There are 2 protein chains.
Amino acid sequence: MTESGTAVRNTRQRSAVSALLAEVDGFHSAQDLHAMLRDRGERVGLTTVYRTLQGLADAGEIDVMRPPGGEHLYRRCSEGHHHHLVCRACGRTVEVAGPTVESWAERVARQHGYVDVSHTLEIFGTCPSCTG
Amino acid sequence: MTESGTAVRNTRQRSAVSALLAEVDGFHSAQDLHAMLRDRGERVGLTTVYRTLQGLADAGEIDVMRPPGGEHLYRRCSEGHHHHLVCRACGRTVEVAGPTVESWAERVARQHGYVDVSHTLEIFGTCPSCTG
DNA sequence: TGCGTTTTTGACAATCATTCTCATTGTCGC
DNA sequence: GCGACAATGAGAATGATTGTCAAAAACGCA
């Protein structure tokens with residue numbers, strides 16, 4: 001159940017999703033990505049898009065954000081742990097690193113006896129372009 | 001939009017939801033709270049529970065958490081800005097304040113020119129009771 | 001290269017929390 | 001009390017995500 005010979009296979013569909021994620025900027029929903037693939041002429045089922053994104057997310061190759069709106073948004077991100085600064089109006093996103101926060105979260109959790117600590121953090125604001 | 005005469009009316013249902021939230025501990029979903037009300041003999045429609053919770057959340061009287069599971073969880077919280085440290089296994093929750101994080105988020109956002117900044121932060125871990 | 005095994009795919013149905021609709025009911029100012 | 005208007009609630013609608021399962025594609029191996 002944990003890590004036997006999972007034998008992930010290379011398929012046209014999986015490549016198409018990965019390739020698309022490598023080219024587009026910003027966050028996109030599964031439905032959104034599915035539509036883009038269709039526009040490109042790649043025939044990939046919606047179910048497969050969901051499964052592939054889930055797999056990539058589990059593997060840590062992409063980031064998932066769950067905004068209040070409801071849809072899950074996926075994005076290819078730089079490696080390593082980081083957070084996002086997102087514009088409320090236009091969605092423009094900046095990756096930010098916060099060593100201070102990392103250690104703070106870890107420390108606070110430890111103080112309460114919690115172990116195996118992780119966290120999620122999103123910062124929202126209005127970007128310069130949308131301010132005026 | 002900001003503070004005109006909204007004229008919120010006191011109703012039995014609204015009171016019931018507020019009272020329930022004041023008594024229960026931890027986070028509960030809307031459906032969960034609705035079931036509790038029913039068990040108490042309070043007849044409140046599910047729609048109304050949703051609406052009331054939304055209103056309370058907008059008013060800042062309760063906190064909303066959106067775990068990966070899917071359901072929104074609501075909880076009566078202490079006033080003021082704070083975050084949550086949640087146990088993955090049993091759900092036990094601790095409120096934590098993080099002045100450091102607040103100022104860090106604000107500063108980072110400013111550096112990128114973002115204004116009107118807010119943020120969400122959740123820390124997950126395994127609590128002492130669930131470790132052994 | 002051909003074959004069998006096993007994963008993957010995908011069209012469609014199912015799920016399920018949340019929101020919408022709208023006629024009815026309850027509040028509150030007067 | 002009365003009347004205007006917000007609030008209620010039962011059921012339908014929405015819409016993203018997940019489950020189903022037969023057919024197709026990949027890979028290991030001879």
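In what follows, every heavy atom counts, from backbone to side chain, and hydrogens, waters and symmetry copies are set aside. Computed from a predicted structure; not experimentally measured. Naming: A, B, ... by sequence-line order, numbering from 1 per chain.
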Between Arg38(A) and Glu42(A), is there a salt bridge with N-O shorter than 4.0 Å? no
In whole angstroms, the gap separating P of dT18(D) from CD of Glu71(A) amounts to 13 Å
Bend of the helix from dT1(C)-dA30(D) to dC30(C)-dG1(D) from end-axis comparison, five pairs per end, nearest 10°, comes to 40°
Residue set satisfying ring pair (Phe, Tyr, Trp, His ring centres under 6.0 Å) with His34(B), at least two apart, ordered chain then number -> none
Practice prompt. Tell me whether the OP1 or OP2 atom of dT18(C) has a side-chain N or O from His72(B) closer than 4.0 Å.
Written response: yes
Arg66(B) CZ to dT17(D) P, in whole Å, measures 11 Å
In whole angstroms, the gap separating P of dA17(C) from CE of Met65(B) amounts to 16 Å
* To do: For the pair His82(A) and His84(A), name the ring-plane relationship: parallel under 30°, tilted 30 to 60°, perpendicular over 60°.
  => perpendicular
Regarding Asp116(A) and Arg88(B), does a basic nitrogen lie under 4.0 Å from an acidic carboxylate oxygen? yes
In B/S/- notation (B base, S sugar-phosphate only, - none; protein heavy atoms under 4.0 Å), nucleotides 25-30 of chain D written 5' to 3' is BBS---
Arg14(B) atom CZ is separated from dG26(C) atom P, nearest whole Å, by 16 Å
Of Val64(A), Leu21(A), Asp58(A), the one forming a side chain to side chain contact (heavy atoms under 4.5 Å, CB included) with Leu53(A) is Leu21(A)
Taken to the nearest whole Å, CZ/Arg51(B) to P/dA10(D) is 11 Å
Between CG of Leu46(B) and C1' of dC20(C) the distance, given in whole Å, is 13 Å
Taking for Gly45(A) and for Tyr74(B) the nucleotide of DNA chain C with the nearest heavy atom, the one nearer the 5' end belongs to Gly45(A)
Among dA10(D), dT8(D), dT20(D), the one nearest any side-chain atom of Thr48(B) is dT8(D)
**Prompt:** Between His119(B) and His83(B), how do the two ring planes meet: parallel, tilted or perpendicular, split at 30° and 60°?
**Reply:** tilted
When rounded to whole Å, the CZ to P distance for the pair Arg43(B) and dA10(D) reads 9 Å
- Task: Look at Gln54(A) and dT18(D) and indicate whether a side-chain polar atom (N or O) is within less than 4.0 Å of OP1 or OP2.
- Result: yes
Between the NE2 atom in His28(B) and the CZ atom in Arg76(B), the distance rounded to the nearest 0.5 Å is 13.5 Å
Looking at Thr48(B) and Val44(B), would you say the former's side chain and the latter's main chain have a donor-acceptor pair under 3.5 Å? no
Taken to the nearest whole Å, CG/Asp32(B) to C1'/dC16(C) is 15 Å
Take a 6.0 Å sphere around CZ of Arg40(A) and say whether it holds more than 12 heavy atoms from other residues, nucleotides or ligands. yes
